[in-house]
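Numbering starts at 1 and runs along the sequence shown.
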Amino acid sequence: MDFLSLFLLYVFLVLLTILLVCFYSGRKQSIPSRLITCVTQVLLCIVPSQVQGAAHWVLHGLFHKRNCTFVVLHLLLEALVYGEYSWEVFGYCQELEFSSHFLLLPYLLLAVNIGFFILCSKTNPGVCNSCVHRFDHHCVWVNNCIGAFNIRYFLLYLLTLTSMAVSIAVLTATFLIQVVLLSNMMQGYYTDDQGQEHPIDAFFLIQHLFLTFPRIVFMLGFVVVLSIVLGSYFCFTLYLILTNQTSNEWFKSARYKCTSSEDDTRQRGYKNIYSRGIRGNITEILMPIMSPEKKRR
């Protein structure tokens, strides 16, 4: 199996994992949840308690406390993507006479994204390390809790980050398509290992582009996956805002039960008592309630 096939398989498995996690989140009795529980119990029996304690301490420090590890990783990934874009894609696109405004768009989005990143990470979310007003989650990528006073910055941060990935993906894909069109490659033939000629198909074309522009094609695959993941998460966050929920409430909603008024049978469900309509919900995000007695507990 060649590298391209392995890369496509890797992308498929990553997307499949994300879909499964999103689909089964909050389902207490789902098959994946039971499977994970069983595996965890087996590991707890095998792994020494000292190792368990150390692993718990490390994971808790990484995901539940202020830590610069993921911020550094975040900045490193951005630097690698923009470095490759500036080093190769930008120059090639200039040779093909792409619009300068189009080529400079990712840099403009980067500048705006950095601004919202700083606002999101530096703004006091409510009362961090204690009781956060409208607590949503602790985001390791901005090294801060997301709450009432920075959720709007977090949404704009996600929007600009998604736009960055999409713009670079579109520019890179457009460049590769232009290369194919200008070379008339689709009209040609290739010879297989048995010496037989075949018309060039899409799979051969992708392999050829990968061998010719390996870093560019790899970066394109990365930003496409990133665009899908970030776009999906942005839509999910927007849905929570429009319905006036936090991700913490949404995740725990399956634990709530409501009693039917007609028969006394219990049905799974969650009644959102905070929704004030789409306009009111958006207003609460843009202008959070400041009065302590009106804060969500």
Completion exercise
Between the CG atom in L240 and the CD1 atom in I285, the distance rounded to the nearest 0.5 Å is 9.5 Å

Practice task
Take M219 and E88, measure what side chain to side chain contact (heavy atoms under 4.5 Å, CB included) needs, and give me the verdict at the end.
Solution key: CA-CA 11 Å; M219 183 192 72; E88 292 195 283; over 6 Å; no

Problem - Plane angle bin for F175 and Y92 - parallel if under 30°, tilted between 30 and 60°, otherwise perpendicular - result: parallel

Problem - Least distance between heavy atoms, L171 atom then C93 atom - result: O-SG, 4.4 Å

Exercise for the section: Quick one: pull up SG in C145 and CD1 in I151 and give me the separation to the nearest 0.5 Å. Expected result: 12.0 Å

Problem - V180-I177 co-clustered via ILVMFWY side chain contacts under 4.5 Å - result: no

Problem - Rounded distance (nearest 0.5 Å) linking atom CZ of R279 with atom CD of E284 - result: 15.0 Å

Handout entry: Under 3.5 Å donor-acceptor, N143 side chain and V140 backbone
Key = no

Handout entry: Atom of S167, atom of L105 and distance for their closest heavy-atom approach
Key = CB-CD2, 4.3 Å

Problem - Check: I146 and C120 side chains under 4.5 Å, non-hydrogen atoms - result: yes

Handout entry: Closest approach of V224 to A169 (non-hydrogen atoms, all atoms of both residues)
Key = CG2-CB, 4.2 Å

Practice task
Test side chain to side chain contact (heavy atoms under 4.5 Å, CB included) on I282 and L286 and set out the steps.
Solution key: CA-CA 6 Å; I282 294 176; L286 297 178; 3.9 Å; yes

Handout entry: Rounded distance [0.5 Å steps], OG1 in T123 versus CG in N150
Key = 6.0 Å

Practice task
Using modelled atom types only, decide if a donor and an acceptor are shared between the side chain of N144 and the backbone of C139 within a distance under 3.5 Å.
Solution key: no

Exercise for the section: With the side chain counted from C-beta on, respond yes when L73 and W141 share a heavy-atom pair under 4.5 Å apart, and no when they do not. Expected result: yes

Practice task
Check whether the side chains of S86 and Y107 place a donor and an acceptor atom closer than 3.5 Å, and report yes or no.
Solution key: yes

Practice task
Answer yes if L80 and L110 sit in the same cluster of Ile, Leu, Val, Met, Phe, Trp and Tyr residues linked by side chain heavy atoms under 4.5 Å apart, and no otherwise.
Solution key: no

Problem - Minimum side-chain heavy-atom gap F234-L155 below 4.5 Å - result: yes

Exercise for the section: Answer yes if V217 and L182 sit in the same cluster of Ile, Leu, Val, Met, Phe, Trp and Tyr residues linked by side chain heavy atoms under 4.5 Å apart, and no otherwise. Expected result: yes

Handout entry: Any side-chain heavy-atom pair of R215 and W87 under 4.5 Å
Key = yes

Handout entry: side chain to side chain donor-acceptor pair (under 3.5 Å) partners for N281, two or more places apart
Key = N244, S275

Problem - hydrophobic_cluster_shared for V72 and I114, side chain cutoff 4.5 Å - result: no

Handout entry: Gap between atom CD of Q94 and atom OG of S99 - 0.5 Å precision
Key = 11.0 Å

Exercise for the section: Kindly indicate whether the side chain of V142, heavy atoms from C-beta on, has any atom under 4.5 Å from the side chain of V71. Expected result: no

Problem - Donor-acceptor contact present, side-chain N113 to main-chain Y157, <3.5 Å - result: yes

Practice task
Might you work through the side chain to side chain contact (heavy atoms under 4.5 Å, CB included) test for Y85 and L103, ending with a clear yes or no?
Solution key: CA-CA 10 Å; Y85 173 76; L103 293 177; 3.9 Å; yes

Exercise for the section: Identify the heavy atoms of L161 and E78 that sit nearest to each other, and give their distance. Expected result: CD1-OE2, 3.4 Å

Exercise for the section: Decide yes or no for F98 and T174: does some side-chain heavy atom of the first lie under 4.5 Å from some side-chain heavy atom of the second? Expected result: yes

Problem - Test item: Y233 and L238 side chains (from C-beta on) under 4.5 Å apart, heavy atoms - result: no

Exercise for the section: I would like to know whether T172 and V223 meet side chain to side chain contact (heavy atoms under 4.5 Å, CB included); could you show each step before the answer? Expected result: CA-CA 10 Å; T172 306; V223 293; 5.6 Å; no

Problem - Separation between CD1 of I241 and CD1 of I278, rounded to the nearest 0.5 Å - result: 12.5 Å

Handout entry: CZ (F236) with more than 12 external heavy atoms under 6.0 Å
Key = yes

Handout entry: Side-chain heavy-atom pair I168, V89 within 4.5 angstrom cut-off
Key = no

Problem - Y153 side-chain N/O to G115 backbone N/O, donor-acceptor pair under 3.5 Å - result: no

Practice task
Decide if atom CG of L211 counts as having more than 12 heavy atoms of other residues, nucleotides or ligands within a radius under 6.0 Å.
Solution key: yes

Exercise for the section: Tell me whether L109 is reachable from L104 by hopping between hydrophobic residues (I, L, V, M, F, W, Y) whose side-chain heavy atoms are closer than 4.5 Å. Expected result: yes

